[in-house]
Amino acid sequence: MSQTRQAPPVPVHAPARRQRLGASFDTLAEYYTAGRPTYPAEFVQTLLQPLLDRTDTHRTVLEVGAGTGQATQLLPQFFAQVTSMEPGRKLCEEASQRHVSDPHVAVHQSTFEDWSGTDRHDCVFSASAFHWADPRVSYEKAAALLKPSGRLVFVSYSDVIGSDIWEEQAERIRVIYRRLAPQLTPPFGTRRLDELRSRLKGNSKSIAQALEYLEFGTPEHVTELPIGRWFGPATVLVDRHDRRYTGEGIVAALSSYGGFRGLEQDTARQLADEIRAYVEEECGNELLRSFALTGLAADRATTLV
């Protein structure tokens with residue numbers, strides 16, 4: 001008697017799954033402020049500096065994936081008008097409320113694929129969000145929404161291997177994951193900072209390939225896209241960033257990631273309780289977690305082909 005073969009899981013980088021995972025963040029609005037690190041203004045300015053040097057002060061920016069507006073609040077330092085979009089209703093409401101008193105910031109509920117605005121901007125900017133859009137659409141659309149002198153800019157955090165103390169603590173948390181949720185890939189970094197920087201620079205001929213490697217570990221799913229028609233080579237900027245977490249804070253951060261969101265409620269609660277207890281009771285309620293703060297930027301091609 002033949003057995004029914006299960007279909008293989010849809011890879012995370014498949015366009016439809018990207019959109020589903022991107023939309024799922026809306027259920028986690030309350031975890032973002034507590035769990036996700038913010039972006040230093042100086043780092044963002046370094047990525048923007050070539051654009052700032054060649055344009056006047058009446059610049060505009062289109063932000064893709066505002067989340068709760070953490071990165072959005074940096075943009076008025078550099079742009080006279082900020083237009084942001086966020087597909088999640090709750091996240092959009094929180095970002096709008098955060099900027100309700102600023103007439104130079106407008107937040108709209110929309111995916112990038114469905115965005116109907118036609119105004120051209122000096123910059124298209126995205127913090128830890130652009131990879132959830134369909135790359136078959138997003139890069140060509142970003143180029144079309146940029147002025148000829150425009151710049152595409154991404155910032156993102158990713159876990160990297162840190163100090164010996166952090167790695168020991170991280171492994172203890174992974175052990176809890178393996179015992180309670182063995183179907184999940186345990187969290188935290190497996191790449192060294194210098195390795196990440198080197199691989200990103202190796203993919204810098206295409207900002208799409210660099211972003212795919214950063215977020216999914218491989219650029220192969222965008223290698224056939226004609227990114228060079230729309231953008232020049234990518235500038236790569238990578239800095240180490242260590243952030244302190246309490247037990248409650250690390251649980252909030254882990255709760256905002258994909259695998260945790262798919263767990264059954266009882267499993268998720270037990271996982272959170274054990275991680276929180278470990279940090280509070282055995283780590284003095286403090287972790288120093290290591291990240292790579294990464295920036296990618298590319299100028300729009302002068303003439304779009």
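Positions are given from 1, in the same order as the sequence printed here. Fair warning: this is a prediction, and the values are worked out from it, not measured in the lab.
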Which residues share a side chain to side chain contact (heavy atoms under 4.5 Å, CB included) with A71, sequence neighbours left out: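 With sequence neighbours excluded, A71 shows a side chain to side chain contact (heavy atoms under 4.5 Å, CB included) to Y39, E63, F125, A127, given in chain and number order.
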
Begin from the C-alpha positions of I227 and V222 and carry the test side-chain contact (heavy atoms from CB on, under 4.5 Å) through to its verdict. CA-CA 9 Å; I227 302 299; V222 295; 5.7 Å; no

What do the steps show when you test L254 against I275 for side-chain contact (heavy atoms from CB on, under 4.5 Å), and what is the final call? CA-CA 10 Å; L254 295 173; I275 292 170; 3.8 Å; yes

Side-chain donor-acceptor contacts of residues 181-194 below 3.5 Å, not counting sequence neighbours, with atom names and distances?
from	atom 1	to	atom 2	distance (Å)
R191	NH1	Y213	O	3.4
R191	NH2	L214	O	3.2

Using the test salt bridge (Lys or Arg N to Asp or Glu O under 4.0 Å), find all partners of [X] that sit at least two apart in sequence or belong to another chain.
X    : value
D159 : R289
D56  : none
E195 : none

Give a yes or no on this: more than 12 heavy atoms of other residues, nucleotides or ligands lie within 6.0 Å of atom CG of L304.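 Atom CG in L304 is crowded, with more than 12 foreign heavy atoms closer than 6.0 Å.
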
Can you tell me if CD on Q77 sees more than 12 non-hydrogen neighbours from other groups inside 6.0 Å?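 Counting other residues, nucleotides and ligands, CD of Q77 exceeds 12 neighbours.
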
Close side-chain approach of R98 to Q70, heavy-atom, < 4.5 Å: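 In contact.
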
Do L237 and T294 make a side-chain contact, defined as non-hydrogen atoms from C-beta onward lying under 4.5 Å apart?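 No - every pair of side-chain heavy atoms lies 4.5 Å or more apart.
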
Of all pairs that satisfy side-chain hydrogen bond (donor to acceptor under 3.5 Å, both in side chains), the ones with a partner from [range], not counting sequence neighbours:
range            : value
residues 228-239 : none
residues 275-284 : R172-E282, E248-R276, D273-R276
residues 201-211 : none

Can you pull the salt bridge (charged side-chain N to carboxylate O under 4.0 Å, His left out) pairs that have at least one residue in [range], sequence neighbours excluded?
range            : value
residues 177-190 : E171-R178, R179-E274
residues 142-152 : D122-K147, R151-D299
residues 65-82   : none

Could you tell me which non-hydrogen atom of [X] sits nearest to which non-hydrogen atom of [Y], and how far apart they are?
X    : Y    : answer
A66  : A95  : CB-CB, 4.4 Å
Q270 : L180 : NE2-CD2, 3.5 Å
H121 : T60  : ND1-OG1, 3.1 Å
L47  : F154 : CD1-O, 3.9 Å
A41  : L74  : CB-CD2, 4.0 Å
G88  : Q109 : C-NE2, 4.2 Å

If you measure from SG on C123 to CG on L146, what distance do you get to the nearest 0.5 Å?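 One gets 7.0 Å once the value is rounded to the nearest 0.5 Å.
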
Nearest 0.5 Å please: distance from the CD atom of E140 over to the CG atom of L225.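 Answer rounded to 0.5 Å: 9.5 Å.
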
Is it true that [Y] and [X] share a donor-acceptor pair across their side chains at a distance under 3.5 Å?
X    : Y    : result
R240 : S290 : yes
E215 : S156 : yes
Q49  : Q45  : yes

Aromatic ring proximity, centroids under 6.0 angstrom, F216 and H131: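 Close enough - the centres of the two rings lie under 6.0 Å apart.
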
Step-by-step ring-ring contact (aromatic ring centres under 6.0 Å, His included) determination, F112 to Y139: CA-CA 10 Å; F112 189 45; Y139 289 94; 9.2 Å; no

By ring pair (Phe, Tyr, Trp, His ring centres under 6.0 Å), which residues pair with H108, not counting sequence neighbours?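 Expected list: W115.
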
Going by the angle between their ring planes, with limits at 30° and 60°, are Y157 and F291 parallel, tilted or perpendicular?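 Perpendicular, since the angle between the ring planes exceeds 60°.
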
